[in-house]
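Below, read A as the first sequence line, B as the second, and so on, with proteins coming before strands; counting in each chain starts at 1. This is a predicted model, so every value here is computed, not measured.
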Amino acid sequence: MQYQFNEIEKKWQKYWEKNKTFAAKDNDVKPKYYVLDMFPYPSGAGLHVGHPLGYIASDVYARFKRLQGYNVLHPMGYDSFGLPAEQYAIQTGQHPAVTTKVNIEGGVDKQGNVIPGYRNQLDKIGFSFDWDREVRTSDPSYYKWTQWIFKQLFNSWYNKDTDKAEQIDTLIEQFKTNGNTNVNAESADVEHFSAEDWNRWSEEEQQKMLLNYRIAFLSDTWVNWCPALGTVLANDEIKDGVSERGGHPVEQKLMRQWSMRITAYAERLLSGLEDLDWSESIKDIQRNWIGKSVGASVRFTISPPSGESEGAIEVFTTRPDTIFGVSFMVLAPEHPLVNEITTPEQKAEVEAYQKAASLKSERDRQSDIKNITGAFTGAFAIHPFTGDKVQIWIGDYVLASYGTGAVMAVPCGDQRDWDFATHFGIEIKNIFKDKDISEGAYAEKDAVIANSGFLNDLPAKEAIKKAVVEIEKRGIGKGKTQYRLRDAVFSRQRYWGEPFPVYYKNEVPYLIDDKDLPIILPEIDQYLPTEDGKPPLGRAKEWFWDEHSKKTVAVEQNQKPPSGVWGLELNTMPGWAGSSWYFLRYMDPTNDGEFVAKDKVNYWQNVDLYIGGAEHATGHLLYARFWTKFLHDLGHIPFDEPFKKMINQGMIQGNSAYTHWLNLVMFKAIKKDLKFEINDLNVAQYSFMSEFSLSKSIAEKLIAEDKSTEELIKEKIDVAYKKHHPDFKDNVLGKDYEIYFKANSQERIIKKHVDINYVEVNDLLNIEELKKLSRNPLGKAELLLEDNGKYICSREVEKMSKSKFNVQTPDELVEKFGADTLRCYEMFLGPLEQHKPWDTQGITGVHGFLKKLWRLFHTGENESFYVDETPILASADGSPHPSGELEGALKSLHKTIKKIKEDIERFSFNTPVSAFMICVNELTALKCNKREILEPLLIILAPYAPHIAEELWAKLGNTESITYAVFPKVNEAYLVESNHKYPVSFNGKMRFMLELPADMSKEAIEKEVLANEQSQKYLEGKTPKKVIVIPQKIVNVVV
RNA sequence: GCGGGUGUGGUGAAAUUGGUAGACACGCUAGACUUAGGAUCUAGUGCUUCACGGCAUGGGGGUUCGAGUCCCUUCACCCGCACCA
């Protein structure tokens, strides 16, 4: 009986669905294990083989954990709000909810393309997801709770004394009794106010003040505005100065926007990384993004140029130990003090410099780092320790947005300051003992300080501490920690996102009651901004809140709303809102009374294993940690980190295929006698005639300037030209003209992608199949083939994408080889974290292995199902049966059990596949068909190849799914060797193998080895200097 | 510039702790079988040499009886951050 994988797989997928085999049981007595994949954005393009890689690994692990007796939560859902669906809606008018549904469930899009649907594609691979727990972030029953969490964030402030978020009511209480004098909060810069002030203020004034403290707050901030997308973007959505999606330019714009006070959590987000089992690189990216700098803020008083000013410049420095090395100061050109302190003589120069700096974009400023520019303000500051006057400059290497926008320049210890001082001829003081600073600054923190008063002779690290103490003692500053992390902009001027549960009375935001949530996204006529530049929701008529009826109501355009009716927020939430807490919703996906029930979150806790791409390092992964910590602070969840262990799967790259084309512009014809070049018109005429497509080796030869190939091609061109231009006879390219190639041999060939589905084994192009296409990419081209008449393509590894014709869908492979083969093969490909190119050829090896496994169970007549039921007799002590073959089979099985368990436990998903292959190869060689060997083998194989395992498991007479079988125990007794084959080395070089009893003593082994006749050859009559014997390992003889 | 990562046959890779480098596959070469197929089976396959042997884990150096693995140094590629004071 043949291995009918298609039938088997369909059968078991149906069985699992019907029996809800993978349903996780809340509050079960078994220990819990939570395995989570980063949920996908359902795009119309569907899945390619790269997408399921991580899902297969997590599925293997989830199934493995079930076999080990865990209650496993392994859910899947969709991050279904997002830009692509909205862009598509703008183009086609199709509601994003409709396209999203089609992308998930399958169907036909507006252009008539068949969309397979994520769910259908996933189902074919045999994942053990608990689909009853599916979530979609764009579903109102889901985003109701995203809105609810937003409300919590709005109604909270960050108390630095308790170091956690607290209800805003506790803050209001303090304001009522003491004003804000004793409040230690993470907030915007706020003036002090008293209880009287607070109580006197109007409701509106109080609300405006509270926005300075709320964790979700509204403020006028400089935001990254992307005109092409018509929305603002967070810092992590911008790469190299352009939008991550679409690559559009981004500019700075002052807008009233919602933000999240994530900076309040900077320290906890940083320190929390310590205990996470994440890759060092992801942790480092987050550390970098948070960008903690420890140092001091120091005030330098401004020396009044005419005696009247009393100002001071505050700087932040990480090197207070170098304060005696300060020889000037630099302010950012935008620094508010600049205009105040600039002397009349310097005014013109400074203003010119400010103007020049403001005209440069952020990007230009960054890219132009080699040019040292600046201007002297004419003002001086007083050095707080030496009393010296130091010049105050402005320069655009100082950023207004970081620290205080001003630096104390220490040219001997900072290269930029050194460059600046050198360029403008400013004094450079050396405050490092025995360090040469004539060629550049000494930036290491290991010098000993000199010429620095009370800091003399201290190593830098101690000097830092002492300097801070002294600075604080003199009241000129204090120790301070600075972060690079900025508050996260939370508004998007987009339609396809969560609406805010917010309406405005006189520009003051008010929240909608919990019981009236969700606020459902309204219908609009077009998914574009309004004429007057409001976000798309500005088009919705029914987008007003009636405080009396507690409902959204319609107000005609340009009409004043009736009393008690107010305009709702027109922005929507960013993509990361829904994905910041989805892992919690899986625990309790249908709960309409809570975002997650207490008992369920207490049972399931946080995610034990999270698998997904590394590209979310500063976005999703940081925000999810932030929200988790916040929800923990308010007592909603019992943990403050979402994902305990994470593995980032590598990208599967496409293996693009290329055809080669003669670059017709790259040769020219020259009249032999006259040396007259025929003009461009003639060149153009070549392109009217046949094009030439070259098989790989011919293209290569042409690039290598192989003479005979050049001649061959000239001949072909000549013939082809004449065929198409019979009137020219042979006087154009025949006797009188000769074809020459241009010098740059690389450009002789143009490469074009060809669909990998038409490329066979050994890069052979299937020309026959291509011809059947209505749009044959070879067209009428003349083909120059290999000697054997074949056309060979070249290959290149690139990102998998439709435009490169290198997309491999899992569906095709499941059809041809089966889901089990695909699963094993994707794992077999290499370490999960590594990037690797897709290669379909190798899949036959894995497929062959499953067929071989199938045959082990079909040793009956005509390959019918048959296994040997006679039990293996073991001795009372559990030692192996004396029969050699059985001993071998038992050893093979137990060796494999051990390896599979150890490998999966250390997340090495590729090596178990080889172990299975070895085991099946060995059992095949031993002709082993014993139930006692084959049954445990199925259990350990089930995580990788669940369908075939279920089928054979059932054939063995089991009536329950293999999913909850018990992972077999390793019996070490079977693994004990009576003999060991020693590799015998001479001077570290392995020369021969020698089989000796495993329990032989070192001395006896040495004796045996030296007595061996082969040893005599390598000893060459000499006595060995030393013999190293490592029992059960090796023998090394030193001659 | 800073931080992280990766370099092993024609290809994907293996080698948890220093102990036979290249397991397991793909591909390739022969052969068997066959109403030819992308099926199955057998043998071979790092490079080099007729051979004994020699050389091989990006390069160079070191520690060690022994190094892909540890240390130093250097090169290449990938990812992240980048006048961050």
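No hydrogens or angles were tested; on distance alone, nothing pairs the side chain of A:Asn288 with the base of B:C81 as donor and acceptor under 3.5 Å.
Among the protein residues, A:Met408 comes within range of no part of the nucleic acid, since none of its heavy atoms lies under 4.0 Å from any strand. Among the atoms of the strands shown, only primed sugar atoms or phosphate atoms (P, OP1, OP2) are found under 4.0 Å from some heavy atom of A:Ser281. Residue A:Phe916 is out of contact with every strand shown, counting any heavy-atom pair closer than 4.0 Å. Counting any heavy atom pair closer than 4.0 Å across all strands shown, A:Ile918 reaches sugar-phosphate atoms only and no base atom. Residue-level contact check: A:Met917 touches the backbone only, with heavy atoms under 4.0 Å from sugar-phosphate atoms and none from bases. Using a 4.0 Å heavy-atom criterion, one finds that A:Asp417 contacts no nucleic acid atom at all. Among the atoms of the strands shown, only primed sugar atoms or phosphate atoms (P, OP1, OP2) are found under 4.0 Å from some heavy atom of A:Asn921.
Between B:U74 and B:A23, the two C1' atoms lie 32 Å apart (nearest whole Å). When the P atom is used for both B:C47 and B:G22, the distance is 14 Å, rounded to whole Å. Comparing the P positions of B:U73 and B:A85 gives an interatomic distance of 25 Å, to the nearest angstrom. Atom P of B:A25 sits at a distance of 27 Å from the matching atom of B:A36, rounded to the whole Å.
Between A:Lys1026 and B:C65 there is a side-chain polar atom (N or O) within less than 4.0 angstrom of OP1 or OP2. Using a 4.0 Å cut-off, no side-chain N or O of A:Arg795 falls inside it from OP1 or OP2 of B:U11. Taking 4.0 angstrom as the limit, A:Ser293 places a side-chain polar atom (N or O) nearer than this to OP1 or OP2 of B:A85.
Across A:Gln808, A:His847, A:Glu826, a single residue satisfies side chain to side chain contact (heavy atoms under 4.5 Å, CB included) together with A:Leu813, and that is A:Gln808.
Ranked by how close their nearest RNA chain B nucleotide is to the 5' end, A:Lys899 and A:Ile843 are led by A:Lys899.
Set against B:G38, B:C81, B:C83, the side chain of A:Phe817 has B:G38 as its closest nucleotide.
Atom CE in A:Met827 sits about 15 Å away from atom C1' in B:A13, given to the nearest Å. The interatomic distance linking A:Arg486 (CZ) with B:C84 (C1') rounds to 9 Å, in whole Å. Computed from coordinates, the A:Ile285 CD1 to B:C79 C1' distance equals 7 Å when rounded to whole Å. The OH atom of A:Tyr3 sits 13 Å away from the P atom of B:U40 (whole-angstrom rounding).
Residues that satisfy the ring pair (Phe, Tyr, Trp, His ring centres under 6.0 Å) test with A:Phe849, not counting sequence neighbours, are absent from this structure. A:Phe909 is linked by a ring pair (Phe, Tyr, Trp, His ring centres under 6.0 Å) to nothing, counting only residues two or more places apart in sequence or in another chain.
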